[in-house]
Amino acid sequence: MTSILSVVAGQRIGDPVRTVPSTNPANTADVLGTIGLARPDDFVRAARAAKAAQAGWAALPAPQRGQVIANVGRLMTANKDRLAAIVTREIGKPLAEALGEVQEIIDTCDFFIGEGRRLYGQTVPSEMPDKQLFTFRRPVGAVAVISAGNFPVAVPSWYIVPALLCGNTVVWKPAEYSAVCSDAFYEIFAHAGVPDGVLNVVYADGPDTFAGLEQSLIAGLIDKVGFTGSSEVGTRIGELCGRHLQTACLELGGKNPMVITEDADLDLAVEGALFSGFGTAGQRCTSLGTVIVHESVHDEFVRRFSAAVASAAMGDPTQDVLFGPLLDEKFAAGFEKSLGWIAAHHQVIGTTGRVGADNPRAGFVGSPEAGLFYHPVVVDGVQPDDELFLNETFGPIVGITTYRTLDEAIALGNKPGYGLSSSIYTTDPNKAFRFAQGISAGMVSVNNSTSGAEAHLPFGGNGKSGNGSRQSGIWVLDQFTRWQSMNWDYSGKLQKAQMDTETVEADLAFRLA
């Protein structure tokens, strides 16, 4: 059993405030390790270490920082199977998905290797003679990253890789229930050549993390905050950063709609809805929330979708299953609350509740009593004012409602106030573009699931899903750099813009005969 402690300036921090176990949600008797939780002042120590190391790291030329990122990618490739196995064991993600998650880190590294040679600024013409204007990207400084555990290694890489590449240092606070994954992730970065103090890791609970972050901001030790998690907590972090004139990078929850038009390929739509709704047991920010299906194909879609859900393999995540357990006891409790939103006017398709001897699921793979396994649930007849329609559920449950016109479908998709991901299944390009124009989501899929990201596309949402910031690709560079402009006047005299500018004379009264 592993003992996990925070890392500040390359040193493990002992004397935790308390320890908590990290257990396998597919077999809660399997304890992976004990996590020593830090105090708020440990977070401040980490922020101080990051601040002290930042100038030296930024002084390293960006192509050389890119080489360190290349080393990370190589080590991730060499350790892909082992890291994926840890992810599967600690959070219950099916092994195929865990392997894909590690590949996402590798893809992110591959993309940002080149960005070390492409942190481009611009040379801009001046309105004055003998004068040049320039722009430069500068690192923001020391960055605090707070991440969730449903993607315990991929999502942190979206922050940490570009932050380091741009010359920033990092204090990373992972989720406690995925700390063994996080520690393995840290060790790979440390062995890739990231210097002590450049990447620090603090394991702490929510209140102590918030207190440590607040103290660090007051002390001027943190220059940027990136957060992935719930909309509720993201609101508090956004407020805290606003008091210190910072704009946090917030990637929050989602209630992601999937519109299925009357001309859709229903078999393809069913396949997309199954993966969107129940992959990772519905515990993605991009998981499918509500299927909005045209009334003319509603009955046939429900028939096919219900059959697909009933026959989907679930259980032991080391086997070939669509999904495994819920991540942790607290998420099981949260999902139980979501099940309480099922109302009398809903039609529940399938079984609800925890899988067990007294509530079995046909074809279950493994031992259901060993872990936090819940039946996948389809709820038809969901209405726009239902709790189930309006709120993120973060578990294996999908609602279904109907629409008549595409404008109505778009309005239904926007009604919950989230704006992360969305999907439309149609064979009509006009409908696809109308949907993309009207939906508030930051990401739109056509004939594909609501889940899935590529390392070179912007990832992020609007409304209750985020504050418009984006991760991945070149767009994340705006989160971890600040633009600096410079003007260089070599005329030998003071030239005042907008005042000493010469005007070109013209006869604006001229008209053709």
Side-chain angles (χ1 to χ4, degrees), residues 5-18 35-58 138-148 156 159-160 162-164 166-176 179 182 186 195-252 466-469 471 476 478-484:
L5 295 171
S6 300
V7 183
V8 175
Q11 301 298 313
R12 297 285 175 174
I13 303 301
D15 189 28
V17 65
R18 69 179 187 280
I35 317 305
L37 298 184
R39 297 171 172 81
D41 60 347
D42 293 320
F43 192 102
V44 176
R45 288 173 61 191
R48 201 174 300 280
K51 193 74 168 178
Q54 195 271 323
W57 176 246
R138 305 297 189 198
V140 297
V143 175
V145 173
I146 304 169
S147 60
Y159 292 102
I160 294 171
L164 297 182
C166 291
N168 303 285
T169 51
V170 175
V171 178
W172 176 33
K173 188 277 176 189
E176 308 95 285
S182 304
Y186 165 78
D196 292 346
V198 170
L199 175 58
N200 307 273
V201 188
V202 177
Y203 303 103
D205 65 17
D208 283 348
T209 298
F210 192 88
L213 176 61
E214 184 172 30
Q215 292 171 27
S216 298
L217 286 166
I218 290 170
L221 301 173
I222 291 296
D223 304 293
K224 182 74 180 183
V225 179
F227 173 76
T228 295
S230 71
S231 300
E232 179 183 5
V233 176
T235 298
R236 292 190 63 208
I237 289 177
E239 290 173 348
L240 175 63
C241 290
R243 292 200 298 271
H244 295 275
L245 300 180
Q246 284 198 22
T247 302
C249 180
L250 301 176
E251 198 278 287
L252 310 176
N467 58 351
S469 56
Q471 297 169 309
V476 76
D478 287 334
Q479 298 300 314
F480 297 117
T481 57
R482 293 184 177 129
W483 284 108
Q484 181 187 67

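Because the structure is predicted, anything quoted here is derived from the model rather than measured. Numbers here are sequence positions counted from 1.
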Contact between Pro195 and Trp57 at the side-chain level, heavy atoms closer than 4.5 Å - yes or no? yes
So CG of Leu37 and CZ of Arg18: to nearest 0.5 Å the spacing works out to 5.0 Å
Interatomic distance, CG@Leu240 vs CD@Glu214, rounded to 0.5 Å, equals 5.5 Å
Taken to the nearest 0.5 Å, the spacing of Asp15 CG from Leu5 CG works out to 10.0 Å
Nearest heavy-atom approach of Asp205 to Lys173 is O-CE, 4.5 Å
Correct closest heavy-atom pair for Ala144 and Phe43 would be CB-CZ, 4.2 Å
Indicate yes or no: at least one non-hydrogen side-chain atom of Gln471 is less than 4.5 angstrom from one of Tyr159. yes
Taken to the nearest 0.5 Å, the spacing of Asn467 CG from Leu250 CG works out to 4.0 Å
Taking every heavy atom of Val201 against every heavy atom of Tyr186, the minimum-distance pair comes out as CG2-CD1, 3.6 Å
- Item | Modelled atom types, side-chain donor and acceptor of Tyr203 and Ser182, under 3.5 Å | no
When rounded to the nearest 0.5 Å, the distance separating OG of Ser147 from CD1 of Ile160 is 7.0 Å
For a 4.5 angstrom cut-off between non-hydrogen side-chain atoms, does Trp172 reach Val202? no
When every non-hydrogen atom of Ser469 is compared with those of Gln479, the smallest separation belongs to CB-NE2, 3.4 Å
Should we count CZ of Arg236 as having more than 12 external heavy atoms under 6.0 Å?
no
| message | Take a 6.0 Å sphere around CD of Gln11 and say whether it holds more than 12 heavy atoms from other residues, nucleotides or ligands. | response | no
- How far apart are the C-alpha atoms of Val140 and Thr481, what are their side-chain angles, what is the distance that settles it, and do they pass the side-chain contact (heavy atoms from CB on, under 4.5 Å) test? CA-CA 5 Å; Val140 297; Thr481 57; 5.6 Å; no
One should read off an interatomic distance between Asp208 CG and Arg39 CZ, to the nearest 0.5 angstrom, of 9.0 Å
Checklist entry - Would a 4.5 Å heavy-atom cut-off, applied to side chains only, mark Glu232 and Leu252 as touching? => result no
Lys224 side chain to Gln246 side chain, donor-acceptor N/O pair below 3.5 angstrom:
no
Apply side-chain contact (heavy atoms from CB on, under 4.5 Å) to Cys249 and Phe227, showing your working.
CA-CA 6 Å; Cys249 180; Phe227 173 76; over 6 Å; no
Within the 4.5 Å heavy-atom criterion, are Val170 and Val198 side-chain neighbours or not? no
Test side-chain contact (heavy atoms from CB on, under 4.5 Å) on Val7 and Arg12; report intermediate values, then the result.
CA-CA 5 Å; Val7 183; Arg12 297 285 175 174; 3.3 Å; yes
Residues Cys166 and Pro139: closest non-hydrogen pair is O-CB, 3.2 Å
CA sep, side-chain torsions, deciding dist, call: Ile146, Ile237, side-chain contact (heavy atoms from CB on, under 4.5 Å):
CA-CA 10 Å; Ile146 304 169; Ile237 289 177; 4.1 Å; yes
Would a distance-only check, ignoring hydrogens and angles, find a side-chain to backbone donor-acceptor pair under 3.5 Å from Asn168 to Gly141? yes
What one should report as the nearest heavy-atom pair of Val8 and Ala49 is CG1-CB, 3.9 Å
Taking the side chain as every heavy atom from C-beta outward, state whether Ile222 and Val143 have any atom pair closer than 4.5 Å. no
- Does a side-chain heavy-atom distance below 4.5 Å link Ser6 with Asp42? no
Review point. Given side chains that start at C-beta, do those of Arg482 and Asp223 come closer than 4.5 Å, heavy atoms only?
Key: yes
- [ ] Look only at the side chain of Gln54 and the backbone of Gly167, and say whether a donor-acceptor pair between them is shorter than 3.5 Å.
- [x] yes
